[in-house]
Amino acid sequence: MTDKKDELSAQAAEQISNLIRKNKSVNLGLPTGNTPLLMYQHLVKLSEQNDLDWSHVHCFALDEYLDSPPEHSFQTYLESNLYDKVGVPKANQHNPATTDNYDSIIKEHGGLNLTILGIGLNGHIAFNEPGTPQLSFTQCIWLQDTSRKALSKTFGSLEATPITAVTMGISTILASQTIVMLAFGADKKQIVEKAFANGVDPNVPASYLKLHGTVSVLTDTQ
Ligand code: GLP
C-alpha cells in the first residue's frame with residue numbers, strides 16, 4: 001500500500017509526464033530539496049515507461065545558491081535526480097545563477113507552463129524569504145536564519161551553509177500557467193495552514209499563491 005506522500009508525488013510526476021506527452025515543447029519551473037525527490041523518482045520511471053521526448057522541454061531551476069560548493073548546488077541536484085536520467089539537453093537546463101535576464105529568457109521561451117514548488121518552514125517559495133514583495137523578479141537574496149538552519153544538515157554545519165542565493169521572484173512564479181505545491185510531513189502542516197488559511201501576507205510568501213488561479217496543493221498534512 002503506497003503512502004499518501006508517495007501517491008501525491010506520483011500524481012505530480014504524472015502531471016509533468018502528461019504535459020510533455022501532450023505538448024512537445026514544455027517549460028517547467030523545477031524545485032529542489034527533500035520534498036520533490038520522490039516525484040523525480042516517479043518522473044524518471046514514467047519517462048522510461050512512456051519514452052518521453054525531453055529534447056524540447058526547457059527546465060528552469062527555481063533558484064540556486066551563490067556560495068555553495070558545486071556538489072551541493074541545485075544544478076547538481078537536478079542533474080543527478082532528473083536531467084542526466086531522462087536526457088534533458090544541456091542547453092535546456094536553465095539556472096538563474098548562470099543566466100542573465102532569467103525572466104526575459106523565460107518569456108522568450110513562452111513562459112512557464114508548469115511550476116512545481118515546495119515550501120520552506122518560514123513559508124518561503126523558491127528562495128523568496130518572508131518580506132519579499134509580490135512585485136519581485138529573479139534576484140539575488142540573503143538567506144534568512146530559519147532557511148539556513150534547515151539547510152545546514154546538507155552542509156554539515158551552519159558556518160558551511162550558504163548565505164546568498166538567486167531566486168525566481170514572486171511575480172516570476174505567479175506568471176506560470178499552472179502551479180503545483182508539494183508539502184509533506186508534520187513539520188510543514190503549520191506553515192501550509194498559515195499560508196492558505198488567511199489572507200495574502202508578504203511575511204508568508206507562499207500565501208501569494210492564493211492570487212493564482214490554478215494552484216494545486218498536494219499535501220499529506222491535512
Ligand atoms: C529550499 C528551496 C525551496 C524548497 C525548500 C524546502 O529553501 N529553495 O525550493 O521548497 O528548501 O525544502 P524541503 O523540501 O527539503 O523541505
Side-chain angles (χ1 to χ4, degrees), residues 4-6 8-9 12-13 16 28-43 59-68 72-82 94-97 102 112 114-132 136-156 158 160-170 172-174 176 179-196 203-209 212 215-221:
K4 189 98 173 119
K5 174 177 166 182
D6 185 62
L8 295 173
S9 301
I16 297 172
L28 300 173
L30 294 177
T32 55
N34 298 315
T35 302
L37 284 172
L38 252 180
M39 176 192 77
Y40 288 125
Q41 287 168 25
H42 282 289
L43 184 53
C59 297
F60 293 86
L62 287 178
D63 42 20
E64 180 58 274
Y65 295 116
L66 289 174
D67 50 342
S68 147
H72 291 313
S73 73
F74 288 161
Q75 177 64 22
T76 300
Y77 172 107
L78 288 166
E79 283 168 359
S80 48
N81 286 292
L82 182 68
H94 305 277
N95 183 296
Y102 206 52
L112 295 170
L114 172 60
T115 294
I116 310 287
L117 297 171
I119 183 169
L121 288 173
N122 59 4
H124 73 228
I125 45 176
F127 266 139
N128 291 290
E129 297 280 44
T132 304
S136 53
F137 297 91
T138 299
Q139 58 181 319
C140 297
I141 58 99
W142 296 90
L143 290 173
Q144 290 188 5
D145 284 349
T146 333
S147 307
R148 295 190 64 236
K149 283 196 186 93
L151 295 161
S152 62
K153 291 184 215 86
T154 312
F155 293 89
L158 195 55
T161 304
I163 300 175
T164 53
V166 53
T167 181
M168 277 189 198
I170 298 293
T172 318
I173 292 168
L174 292 180
S176 308
I179 297 174
V180 172
M181 168 180 277
L182 302 174
F184 303 134
D187 65 335
K188 296 287 174 77
K189 180 174 170 55
Q190 196 186 2
I191 194 62
V192 170
E193 281 167 5
K194 201 168 168 198
F196 295 99
N203 293 314
V204 187
S207 66
Y208 284 123
L209 296 176
H212 193 280
V215 179
S216 359
V217 181
L218 306 184
T219 181
D220 63 355
T221 63

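Ligands are counted one by one from 1 in listed order, and the atoms in each one are counted from 1 as well. Along the sequence shown, the residues carry numbers beginning at 1. No hydrogens, no waters, no symmetry mates; every other heavy atom, side chains included, goes into these values.
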**Asked** Can you tell me which residue and heavy atom of the protein come closest to atom 14 (O) of ligand 1, and the distance to 0.1 Å?
**Response** T35 OG1, 2.5 Å
**Prompt:** Quick one: does S147 get a heavy atom under 4.0 Å from ligand 1?
**Reply:** no
**Complete:** CG (N95) and CG (L78) are apart, to the nearest 0.5 Å, by 8.0 Å
**Message:** For a 4.5 angstrom cut-off between non-hydrogen side-chain atoms, does F184 reach N34?
**Reply:** no
**Asked** Hey, mind stepping through I16 and Y40 against side-chain contact (heavy atoms from CB on, under 4.5 Å) and telling me if it holds?
**Response** CA-CA 10 Å; I16 297 172; Y40 288 125; 5.8 Å; no
**Message:** For ligand 1 and T32, I'd like to know whether there is a polar contact (N/O to N/O, distance under 3.5 Å).
**Reply:** no
**Prompt:** How does L117 reach ligand 1, if at all, at less than 4.0 Å between non-hydrogen atoms: by side chain, backbone, both, or neither?
**Reply:** neither
**Item:** Heavy atom of the protein closest to atom 16 (O) of ligand 1 (residue, atom name, distance)
**Value:** K188 NZ, 2.7 Å
**Complete:** Distance col, row S68:OG vs Q75:CD, nearest 0.5 angstrom, shows 11.5 Å
**Prompt:** Identify the closest protein heavy atom to atom 9 (O) of ligand 1: which residue and atom is it, and at what distance?
**Reply:** D63 OD2, 3.6 Å
**Request:** Looking only at protein heavy atoms, identify the closest one to atom 12 (O) of ligand 1 and say how far it is in Å.
**Result:** G33 CA, 4.1 Å
**Item:** atom 6 (C) of ligand 1 - nearest protein heavy atom and its distance
**Value:** I119 O, 3.6 Å
**Asked** Does Q144 offer a backbone N or O that forms a donor-acceptor pair with the side chain of E129 under 3.5 Å?
**Response** yes
**For atom 10 (O) of ligand 1, the option (of P31, A61, G118) bearing the nearest heavy atom** = G118
**Asked** Going through the checks in order, is the side-chain contact (heavy atoms from CB on, under 4.5 Å) test met by I116 and L28?
**Response** CA-CA 8 Å; I116 310 287; L28 300 173; over 6 Å; no
**Asked** How far is atom 11 (O) of ligand 1 from its nearest protein heavy atom, and which residue and atom name does that atom have?
**Response** H124 NE2, 3.8 Å
**Sub-4.0 Å atoms of ligand 1 with respect to non-hydrogen atoms of F127** = 1 (C), 7 (O), 8 (N)
**Prompt:** What residue and atom, counting heavy atoms only, is the protein's closest point to atom 3 (C) of ligand 1, and at what distance?
**Reply:** A126 O, 3.6 Å
**Request:** Find the distance between CG (L62) and CD1 (I173) and round it off to the nearest 0.5 Å.
**Result:** 5.5 Å
**Item:** side-chain contact (heavy atoms from CB on, under 4.5 Å) between D6 and H42, intermediate numbers included
**Value:** CA-CA 9 Å; D6 185 62; H42 282 289; 2.8 Å; yes
**Fill in**
The protein heavy atom nearest to atom 15 (O) of ligand 1 is N34 N, 2.7 Å
**Message:** Would you say the ring centers of Y65 and F127 fall short of 6.0 Å from each other?
**Reply:** yes
